[in-house]
Amino acid sequence: MSVRVRFAPSPTGYLHIGGARTAIFNYLFARHHGGTFILRIEDTDVERSKKEYTEAILNSLRWLGVEWDEGPYFQSERMNVYREYLDLLIKRGKGYQCWCTPDELTLFKDSLKKEKKKFKRSVVEENHPEWLSPREGIPPVVIVETPTEGKIYYDDLIRGTISFPAEDVEDFIIWRSNDTPTYNFVVVVDDADMKITHVIRGDDHISNTPKQIVIYRALGFELPHFAHVPMILGPDKKRLSKRHGATSVEAYREAGYLPEALFNYLVRLGWSYGDQEIFTKEELIEKFDLSGVGKSPAVFNPEKLLWLNAEYIRASDHNRLFQEIYDKLPPDQRSKLGTDPSFFKLIGLVKVRSRTLIELYENLRFYFEPYPDSYDEKGVRKFFSKKPVFDALCALYEEMDKMIHFNEENLEKAFRDVSERYNVKLRDLAQAVRLAVTGKTVSPGIFETLEILGKIRTLKKIQRAIEWIKSNVNFENQG
RNA sequence: GUCCCCGUCGUCUAGCCAGGUCCAGGACACGGGCCUUUCACGCCCGUAACAGGGGUUCAAAUCCCCUCGGGGACGCCA
């Protein structure tokens, strides 16, 4: 029988990192086994479900490269299916109706808790027999009856056998008084109806599993395989949430992460293949299996994700990177930059010192912006405030102006000559030029940078810096 | 409180199922060094863990028991 798995988010927020990882595991499992990956939107909670979230989740999945083969199915469009199975369940005598209000029920459950009793049909009969037959003006809920003795157990593909004493599994509502089904009921109906063979989902569903097993049995369905993957934790070892910072896939996209990097990081969080850290998607499809998934929860480590992202940026070719930052580029220069070999060469130099696309863009800006919008303060103090360096900078300007072949070799020679002549360190002169050209104290090698920038733009920027220094720096005071 | 799950460097993990090759390996981060016109990259070196206690065994990170610690679920949310 061929593998069928699903990812079933509820559209009550953006795609969470934990959800994304569950989706990835399902996706990889399906691909690895040549199966089918189904997307299902669990929108039975009308109050909290929003269409925009559905769109956002779909977009995040697409961006990550998690492609589904079927769906998305919407639970809100399958009410007739659920109703059908509800009838079947009642017909088989596995459920009962209860005419009670939400408040009455809550109160009753609270009192049971105090007495350490479980909510079971027999207990209702004993304490509130009147709830078991129609009461004027009170719409009923449908409750499924759970076994009272023995064990409810299943074989988890990741954790082995998990067993629950049946008496601890309480009866639970599967159909609300407002005539809508509840989660535990619809998951089972959908998973069975969609012929899901492997339910791969978060750890937090382990305790729902016995309840769902009860429904599978009540409806006469065959049980799928279950695999519960450990959750992702924050640094405080509590389940990852907004208060730990960015948790949505979208947020990482906006922060300049490459989808492959996030994908790779998320897979490796909880799954491993020997000592290997970096995988292509094809490799993952080939190598991923549930046997490599660990049992213990994993703390999300942004530092390592950042490192991985840097690795991926470094490994990306210039065209790809150009595409990724295209939207940020000044509209009037996009097409020109897209065919400019110098710009592409610069991308190559700059990508090794960029950990995110944002940083990449920042490191590129000086190429297409006429002047730095400011000079790094510390740099000004160290390299713009010494008379000898300033004089050398002016002399270098003259040398460059005379230069016919504005290339690395000639530039290096000029730098060395001038720094010797003015008795300043090459380092200081290089830094002054770097500051003049980029506004920063950090950039690729200064000679290659200048060659790429070209003579005209370089001279303009240096001239501007010289003027800036003249009107902003007082050499007397600076010593 | 009840039930369930988990427990190897700060973090992700390899090793555990089929005890010895593990005074525990890799990666991120961190510290030191090399390279060097800056910053990165790269290379070299280093710090750092089997939660604790009992067993079983010639031998335990690996098997058994207990304790402790962490997490999750107990909704007419999903």
> With a 4.0 Å cut-off on heavy atoms, is His228(A) in touch with a base, just the backbone sugar-phosphate, or nothing at all?
Replying inline: nothing

>> When the P atoms of C16(B) and U62(B) are compared, how many Å lie between them, rounded to an integer?
In response: 12 Å

> What is the nucleic acid contact for Ser296(A), judged by heavy atoms within less than 4.0 Å: base, sugar-phosphate only, or nothing?
Replying inline: sugar-phosphate

> Do Arg434(A) and U37(B) share a donor-acceptor pair, side chain to base, under 3.5 Å?
Replying inline: yes

> Which is true for Val299(A) with a 4.0 Å heavy-atom rule: it touches a base, it touches only sugar-phosphate, or it touches nothing?
Replying inline: sugar-phosphate

>> Students often get this wrong, so: under 4.0 angstrom with heavy atoms, is Pro297(A) touching a base, only sugar-phosphate, or nothing?
In response: sugar-phosphate

> Separation of Arg353(A) atom CZ from G42(B) atom C1', in whole Å?
Replying inline: 12 Å

> NA contact type, Glu277(A), heavy-atom cut-off 4.0 Å: base, sugar-phosphate, or nothing?
Replying inline: base

> Given atom CG of Leu435(A) and atom P of U38(B), what is their separation to the nearest angstrom?
Replying inline: 15 Å

>> Please pick, from C5(B), C28(B), C76(B), the nucleotide with the shortest atom-to-atom distance to any side-chain atom of Trp307(A).
In response: C28(B)

> How is Thr44(A) classified with respect to the nucleic acid when contacts are heavy atoms under 4.0 Å: base, sugar-phosphate, or nothing?
Replying inline: sugar-phosphate

>> Need one value for Leu105(A): base, sugar-phosphate or nothing, where a base atom within 4.0 Å counts as base even if backbone is also close, heavy atoms only.
In response: base

> In terms of ring plane angle, is the pair His318(A) and Phe344(A) parallel, tilted or perpendicular, where the classes change at 30° and 60°?
Replying inline: tilted

> What class does the angle between the rings of Phe226(A) and Tyr154(A) fall in, given that below 30° is parallel, 30 to 60° is tilted and above 60° is perpendicular?
Replying inline: perpendicular

>> Taking only the C1' atom of each, what is the distance from A61(B) to G7(B) in whole angstrom?
In response: 12 Å

> In whole Å, what separates the P atom of C34(B) from that of C9(B)?
Replying inline: 33 Å

>> Considering every strand and a 4.0 Å limit on heavy-atom distances, what is the contact class for Pro444(A): base, sugar-phosphate, or nothing?
In response: base

> Can you check the Tyr265(A) OH to U11(B) P distance for me, whole Å?
Replying inline: 12 Å

>> Applying side-chain contact (heavy atoms from CB on, under 4.5 Å) to Met400(A) and Lys455(A), what does each step give before you reach the verdict?
In response: CA-CA 8 Å; Met400(A) 288 178 175; Lys455(A) 183 171 174 178; 5.9 Å; no

> If you pin Ala430(A) and Asp275(A) to their nearest nucleotides in RNA chain B, which one's is more 5'?
Replying inline: Asp275(A)

> Aromatic rings Phe300(A) and Tyr252(A): how do their planes relate, parallel, tilted or perpendicular, breaks at 30° and 60°?
Replying inline: perpendicular

> OP1 or OP2 of G7(B) sitting under 4.0 Å from any side-chain N/O of Arg159(A)?
Replying inline: no

> What is the nucleic acid contact for Gly379(A), judged by heavy atoms within less than 4.0 Å: base, sugar-phosphate only, or nothing?
Replying inline: nothing

> What does Asp43(A) touch in the nucleic acid at a heavy-atom separation under 4.0 angstrom: a base, only the sugar-phosphate, or nothing?
Replying inline: nothing

>> Looking at the base of C76(B), is there any donor atom on it, or on the side chain of Ser177(A), that sits under 3.5 Å from an acceptor on the other one?
In response: yes

> What nucleic acid atoms does Ser163(A) come within less than 4.0 Å of, heavy atoms only: base, sugar-phosphate, or nothing?
Replying inline: sugar-phosphate

>> I'd like to know if Lys304(A) reaches the base of A27(B) with its side chain such that a donor and an acceptor end up less than 3.5 angstrom apart.
In response: yes

>> Taking the P atom in each of C65(B) and A18(B), what is the distance between them to the nearest angstrom?
In response: 15 Å

>> Taking any heavy-atom pair under 4.0 Å as a contact, classify Lys109(A): base, sugar-phosphate, or nothing.
In response: sugar-phosphate

> In the strands shown, is A51(B) matched to any nucleotide by a Watson-Crick or G-U wobble pair with both distances under 3.5 Å, and which?
Replying inline: U67(B)

>> What verdict does the side-chain contact (heavy atoms from CB on, under 4.5 Å) test give for Arg40(A) and Arg78(A), after you've listed the backbone C-alpha separation in whole Å, the side-chain angles of each residue and the deciding distance to 0.1 Å?
In response: CA-CA 11 Å; Arg40(A) 184 173 76 220; Arg78(A) 294 170 50 80; 5.5 Å; no

> Does the side chain of Lys238(A) get closer than 4.0 angstrom to OP1 or OP2 of G71(B) through an N or O atom?
Replying inline: yes

>> Rounded to whole Å, how long is the line connecting atom CD1 of Ile446(A) with atom C1' of A40(B)?
In response: 15 Å

> Looking only at atom P, what distance separates A51(B) and C17(B), rounded to whole Å?
Replying inline: 16 Å

> Is Glu170(A) touching bases, backbone alone, or none of the nucleic acid, heavy atoms closer than 4.0 Å?
Replying inline: sugar-phosphate

>> Need one value for Ser291(A): base, sugar-phosphate or nothing, where a base atom within 4.0 Å counts as base even if backbone is also close, heavy atoms only.
In response: nothing

>> For the C1' atoms, the ones on C45(B) and on U8(B), what distance do you get once it is rounded to whole angstrom?
In response: 24 Å

>> Work out how far the P atom of C50(B) is from that of G10(B), and round it to whole angstrom.
In response: 9 Å

>> In this structure, how many angstroms lie between the C1' atom of C39(B) and the CD atom of Glu362(A), rounded?
In response: 15 Å

> Does Lys382(A) NZ have over 12 foreign heavy atoms under 6.0 Å away?
Replying inline: no

> Please give, in whole Å, the distance from G75(B) C1' to Asp103(A) CG?
Replying inline: 13 Å

> Glu115(A) has an atom CD; how far is it from atom C1' of U2(B), in whole Å?
Replying inline: 15 Å

>> Starting the side chain at C-beta, find the nucleotide from U38(B), A40(B), A73(B) nearest to Gln431(A).
In response: U38(B)

>> Between A73(B) and G26(B), how far apart are the two C1' atoms, rounded to whole Å?
In response: 35 Å

>> For Asp203(A), run the side-chain hydrogen bond (donor to acceptor under 3.5 Å, both in side chains) check against His228(A), Arg239(A), Arg159(A) and tell me which one passes.
In response: Arg159(A)

> Is it true that Glu420(A) and Arg416(A) have a side-chain N and a carboxylate O under 4.0 angstrom from each other?
Replying inline: no

> Is the phosphate of A14(B), meaning OP1 or OP2, less than 4.0 Å from a side-chain N or O of Ser272(A)?
Replying inline: yes

>> Nearest heavy atom decides the nucleotide; on that basis, is Ser354(A) or Gln276(A) closer to the 5' end of RNA chain B?
In response: Gln276(A)

> Ile152(A) CD1 to C4(B) P: how many Å, rounded?
Replying inline: 12 Å

